[in-house]
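Accompanying notes for the structure given below.
Just so it is clear, the values below take in all heavy atoms, side chains as well, and ignore hydrogens, waters and symmetry mates. Below, chain A is the first sequence line, B the second, and so on; all start at residue 1.
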Amino acid sequence: MTTMPVDNTTEDPRHRSPLVLGHVEFGTVTEEICRVNEAPKPPKAWYVSLVISALAAGMLLVMIGYLILTGVGVWGNNNPVMWGFPIVNFVFWVGIGHAGTLISAILFLFRQKWRTSINRFAEAMTIFAVICAGTFPGIHIGRVWLAYWLFPIPNQMDLWPQFRSPLLWDVFAVGTYFTVSLIFWYIGMVPDLATLRDRSNTKIKAVAYGIFALGWRGSMRHWHRYERAYLLLAALATPLVLSVHSVVSFDFAVSQLPGWHTTIFPPYFVAGAIFSGFAMVMTLAIPAREIWGLKNFITMRHLENMNKIILVTGTMVGYAYGTEFFIAWYSGELYEKFAFVNRAFGQYAWAYWIMVSCNVAIPQLFWFKKVRTSIWIMFIVSLLVNVGMWFERFVIVVTSLAQDFLPSSWGYFTPTWVDVCTFIGSFGLFMTLFLLFIRYLPVLAISEIKGVMPAADPHAEHHEPADALGEEVQE
Amino acid sequence: MSQQTPERAWGYAAEFTTPAAITAAAKQVASAGYRWWDCHTPFPVHGLDTAMGVKPTILPIIVFFGGLTGTMLAAFLQVFTNSLQVDLWAIVPVIGYQFEVSGKPLISGPAFIPVLFELTVLLSALTTVGAMLLLNGLPRLYHPVLKSPKLARITDDRFFLVIESRDPEFADKKTLAFLESLDPVSVVELES
């Protein structure tokens, strides 16, 4: 395992910093990435975390079973806080699910080549986060066996769902997002599955990878259509990423509750989603690159770039918090003003200030390069951002519902142990899927990484090999 | 590697180690007038498709119609289920419904936009992947190129230029000599 020989976080305009460290040949890249899948035994940390995650995922199943057998009374949801934890968790997980497709689609269109090292597992994270997100509205409906009422199927009275409701838009938005993310992830993976197929040493592996590699043989005529398809998918997924959390925010913004009924919600939710998604990518990437020795691909530059995005989106989120307060005051609306003063100083003030400190104050540390390039500090910041973004959804959902117009209908929401265990269990499901992915699927986009190496340039032959800073030869 | 066999080979594969080498070779093969030939590379080599004379794919046009289908489908779905009282017969009778909610217009344009958008994107994306695979003739679980163990390095670090024997220009010895002249690392005979 090579340690970093070059500091590739310098911003020297005369050189382009290398995105792959320690490799000049394609073969060693394949070797090093496939080692994650091909090592006879995964690291101990993998077993330990898989056991813990699988137990937590089991707990999720038990909690869902208990809920179905007993009824939604096992949760802390009450009147007026009908939404409670399930919707908080739904919005939280959907938000996390935004970074993957953002990295694969938007950064692809902007030709941000550094995305190649992180897109694969960010996309995987997206899919697993959306699976967790989808669980919550499914069980929140109460009568789980009637979950198909969410889909446009007429019921026994020939009545259809109501398409003017944001809750139905949500079904389409999240469903489309999941499907498109899944095929985007899978199609990106096909050439790498072919790599694993061709390297496999047992019949079972050869057949399993072979089936999913679809007979990919790296034909340039295929690559031509493949690249065009990838570009089209990126162009389709870009507005999709922005639409999903906008539609989720409509669930709130289209209702008339003070604190929810605001036009700022769609952009504010999207910024928050990207913010939390990148924080989760960091939370997963930092241990993964340590444990599996992927530091040559997920370099300090990649981490620093993500920290910059966290800083930008965190600041946007902070600006949105400020705007909300300004508009509440400027509108002169009694209930709106109350809702916001109550958020900051009412019965949930503790949650509000956790949110502000984790989401607005702490990411400001990333103005300093020392912080942006320090593994431990960025790891802790990413964890705190995850906490802060969960509390953001808690504050939005719970404060507005608990105290709206009539003081006589005010209430207070306290989660039960079932709420808490279900939430922890969803992390178990997420981590179990993620750990299985790391072990059995190509964890980095092998073919794409080869494509951003200086040696991949067809004109490279006429020049000296890449220098220490890995200058890319200009065409 | 290359020796005469009684049975005619499926084709010959010339092995190269750099993107520049295969691009230069591809240009010569294209100008020699071959039609049934291909390059196999571990990643899309920039400019190799133009060097090979690959025509732009019609994929975007297919995707446009896929997306259009999604838009129409969403418009029909929403108008049928929420705005019109018409009956259809699709395996079972399906009845449209005039869904009046809080005095909103039966055809609520703005409220129908999110689903119109989502289904357009969904069908476009599915068409993109489906049509790409179809045009590429995938999934295909057997191919002569996949059979040779030497060519397994296509997905690792080697670049192979394959000329098939069904090409009208293909003449066993002449093609072999031509491939040797392109300065490859080796030439492999492929069985069908």
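- Ranked by heavy-atom pairs shorter than 4.5 Å toward chain B, the options T179(A), L159(A), L231(A), D192(A) are led by L159(A).
- For chain A, the nearby part of V63(B) is the side chain; its heavy atoms alone come within less than 4.5 Å.
- In this structure, the portion of P105(B) lying under 4.5 Å from any heavy atom of chain A is its backbone and not its side chain.
- Judged purely by atom type and a 3.5 angstrom limit, W169(A) has no side-chain atom pairing as donor or acceptor with the backbone of E118(B).
- One finds the CZ atom of R217(A) at 3.5 Å from the NE2 atom of H143(B) (value rounded to the nearest 0.5 Å).
- Using modelled atom types and a 3.5 Å distance limit, the side chains of R164(A) and S108(B) yield a donor-acceptor pair.
- Atom CH2 of W223(A) and atom OG1 of T41(B) lie 6.5 Å apart (nearest 0.5 Å).
- The two residues L138(B) and G215(A) make their nearest non-hydrogen contact at CD2-O, 3.6 Å.
- You'll find the side chain of L146(B) reaches within 4.5 Å of the side chain of R197(A), heavy atoms only.
- Atom OH of Y226(A) sits about 10.0 Å away from atom CG of L133(B), to the nearest 0.5 Å.
- Of the listed residues (A237(A), A229(A), G175(A)), the greatest number of heavy-atom pairs within a distance under 4.5 Å of chain B belongs to A229(A).
- Taking CG of D49(B) as the start and CE of M220(A) as the end, the distance is 4.0 Å to the nearest 0.5 Å.
- The only option from T30(A), D198(A), I446(A) that meets the side-chain contact (heavy atoms from CB on, under 4.5 Å) definition with T155(B) turns out to be D198(A).
- The part of F159(B) that comes within reach of chain A is its side chain, from C-beta onward, which places non-hydrogen atoms under 4.5 angstrom from that chain.
- Of the residues considered (A131(B), A74(B), C39(B)), C39(B) shows the highest number of contacts with chain A, using heavy-atom pairs under 4.5 Å.
- In this structure, the separation between CZ on R153(B) and CZ on R199(A) is 10.5 Å, given to the nearest 0.5 Å.
- Residues F172(A) and F117(B) keep their aromatic ring centres 6.0 Å or farther apart.
- A donor-acceptor contact shorter than 3.5 Å links the side chain of H222(A) to the backbone of N136(B).
- For chain A, the nearby part of F80(B) is the side chain; its heavy atoms alone come within less than 4.5 Å.
- Between L168(A) and V115(B) the shortest side-chain heavy-atom distance does not fall below 4.5 Å.
- Per-residue counts of heavy-atom pairs under 4.5 Å with chain A were compared for I154(B), L77(B), I58(B); the largest is that of L77(B).
- Atoms CG and NE2, on L135(B) and H224(A) in that order, are 10.0 Å from each other to the nearest 0.5 Å.
- Both the backbone and the side chain of T81(B) have a heavy atom closer than 4.5 Å to some heavy atom of chain A.
- When heavy atoms are compared at a cutoff of 4.5 Å, P239(A) approaches chain B by way of both its backbone and its side chain.
- A heavy-atom distance below 4.5 Å is found between the side chains of R221(A) and M52(B).
- Contacts between P44(B) and chain A at a heavy-atom distance below 4.5 Å involve backbone atoms as well as side-chain atoms.
- Looking at N82(B), its side chain never comes within 3.5 Å of a backbone N or O of Q162(A) through a donor-acceptor pair.
- I22(B) does not touch chain A: none of its heavy atoms, backbone or side chain, sits under 4.5 Å away.
- Enclosure of atom NZ in K205(A) by more than 12 non-hydrogen atoms of other residues, nucleotides or ligands within 6.0 angstrom is indicated.
- Residue F212(A) qualifies as open at atom CZ: its count of foreign heavy atoms under 6.0 Å is 12 or below.
- With a 4.5 angstrom heavy-atom cutoff, I187(A) touches chain B only via side-chain atoms.
- Under a 3.5 Å cut-off, the side chain of K450(A) and the backbone N or O of D156(B) do form a donor-acceptor pair.
- Both tests do not hold together for R140(B) against W216(A): distance to the six-membered ring centre under 6.0 Å, angle to the ring axis within 45°.
- Interface remark: of the candidates T57(B), D38(B), L122(B), T128(B), D38(B) forms the most heavy-atom pairs closer than 4.5 Å to chain A.
- By the 4.5 Å heavy-atom criterion applied to side chains, E448(A) and F43(B) are not counted as neighbours.
- Heavy-atom neighbours of R166(B) CZ from other residues, nucleotides or ligands within 6.0 Å: above the threshold of 12.
- Scanning all heavy atoms of the two residues, the minimum distance from P42(B) to S447(A) falls at O-CB, 3.4 Å.
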